[in-house]
Amino acid sequence: MSVVEHEVRTLLEQQYLGVLATHGPEGLHASLVAFASSPDLGSLVFATPLTTRKFANLERDPRMAFLVDNRSNQRGDCHSAMAATAYGRAGAASPESRQQWLELYLGKHPHLVDFVQAPSCVLVVVRVARFSLVRAFQQVSELVFSP
């Protein structure tokens with residue numbers, strides 16, 4: 001496992017929330033969401049009500065960016081914080097795969113069981129094409145997945 005892969009994996013395992021960026025008719029939209037990552041880092045999953053702007057945007061244009069970071073809102077973050085941005089495409093989990101994604105998501109967020117099992121909620125799966133990892137405010141590395 002490369003250093004970049006190890007650091008991305010650690011970041012995704014330690015953080016519970018990330019920022020989803022989508023694009024829609026009204027322009028760019030950013031949302032804070034609880035997420036989980038697949039063991040191979042090639043997918044992320046999050047839950048959202050069907051009526052949200054983020055889901056409507058993803059239905060129109062599945063391209064998205066998803067930022068996860070470990071900042072602590074301290075001055076030292078400029079030197080010590082890391083941020084990984086996933087770039088890829090997102091869509092609703094298929095009926096055949098929903099249980100697998102649900103188990104992964106609830107493994108990290110068991111407190112959200114009522115939310116995610118509501119009929120108005122959808123599990124969204126992100127197929128990650130690549131991660132961009134930024135360390136020490138300016139050291140950028142890439143982790144690219146084969147298509």
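Residue numbers start at 1 and run along the sequence shown.
In this structure, the side chains of H23 and R63 stay at 4.5 Å or more apart for every pair of heavy atoms. Under the 4.5 Å side-chain criterion, counting only non-hydrogen atoms from C-beta, R135 is in contact with L133. For the pair L44 and V125, the minimum side-chain heavy-atom distance is 4.5 Å or more. With contacts defined as side-chain heavy-atom distances shorter than 4.5 Å, the pair P95/R98 does not qualify. Counting heavy atoms from C-beta outward, L20 and T22 have side chains that approach closer than 4.5 Å. When side chains are defined from C-beta on, R127 does not count as touching P62, because their heavy atoms never get closer than 4.5 Å. The side-chain heavy atoms of V116 and L102, taken from C-beta on, include a pair separated by under 4.5 Å. Between V45 and V124 the shortest side-chain heavy-atom distance does not fall below 4.5 Å.
With N70 contributing its side chain and M82 its backbone, the two residues share a donor-acceptor pair below 3.5 Å. Listed for the R9 side chain is no donor-acceptor partner under 3.5 Å among the backbone atoms of V4. A donor-acceptor pair is defined here as one N or O able to donate and one able to accept, closer than 3.5 Å; no such pair exists between the side chain of S97 and the backbone of A93.
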Could you walk me through whether R89 and M64 pass the side chain to side chain contact (heavy atoms under 4.5 Å, CB included) check? CA-CA 6 Å; R89 294 180 171 270; M64 54 93 258; over 6 Å; no

Stepwise, does the side chain to side chain contact (heavy atoms under 4.5 Å, CB included) test hold for L17 with V33? CA-CA 5 Å; L17 302 173; V33 297; over 6 Å; no

Determine, stepwise, if the pair D40 / F145 fulfils side chain to side chain contact (heavy atoms under 4.5 Å, CB included). CA-CA 10 Å; D40 68 357; F145 295 90; 5.7 Å; no

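Of all heavy-atom pairs between V68 and Q15, the closest is CG1-CB, 3.6 Å. The minimum heavy-atom distance linking A86 with F131 is given by the pair CB-CE2, 3.4 Å.
Note on L67 and V8: separate hydrophobic clusters, where clusters join Ile, Leu, Val, Met, Phe, Trp and Tyr whose side-chain heavy atoms are under 4.5 Å apart, directly or indirectly.
Heavy-atom contacts from other residues, nucleotides or ligands closer than 6.0 Å to OH of Y16 number 12 or fewer.
Put simply, SG on C121 and CG on D114 are 11.0 Å apart, with the number rounded to the nearest 0.5 Å.
Between F66 and F35, the ring center distance clears the sub-6.0 Å criterion.
Summarising the hydrophobic clusters (Ile, Leu, Val, Met, Phe, Trp, Tyr; side-chain heavy atoms under 4.5 Å, direct or chained), the residues clustered with V134 are V140.
No salt bridge links K108 with E13; every basic N to acidic carboxylate O contact stays at or beyond 4.0 Å.
Classified by interplanar angle (parallel below 30°, tilted 30° to 60°, perpendicular above 60°), the ring pair H109/H111 is perpendicular.
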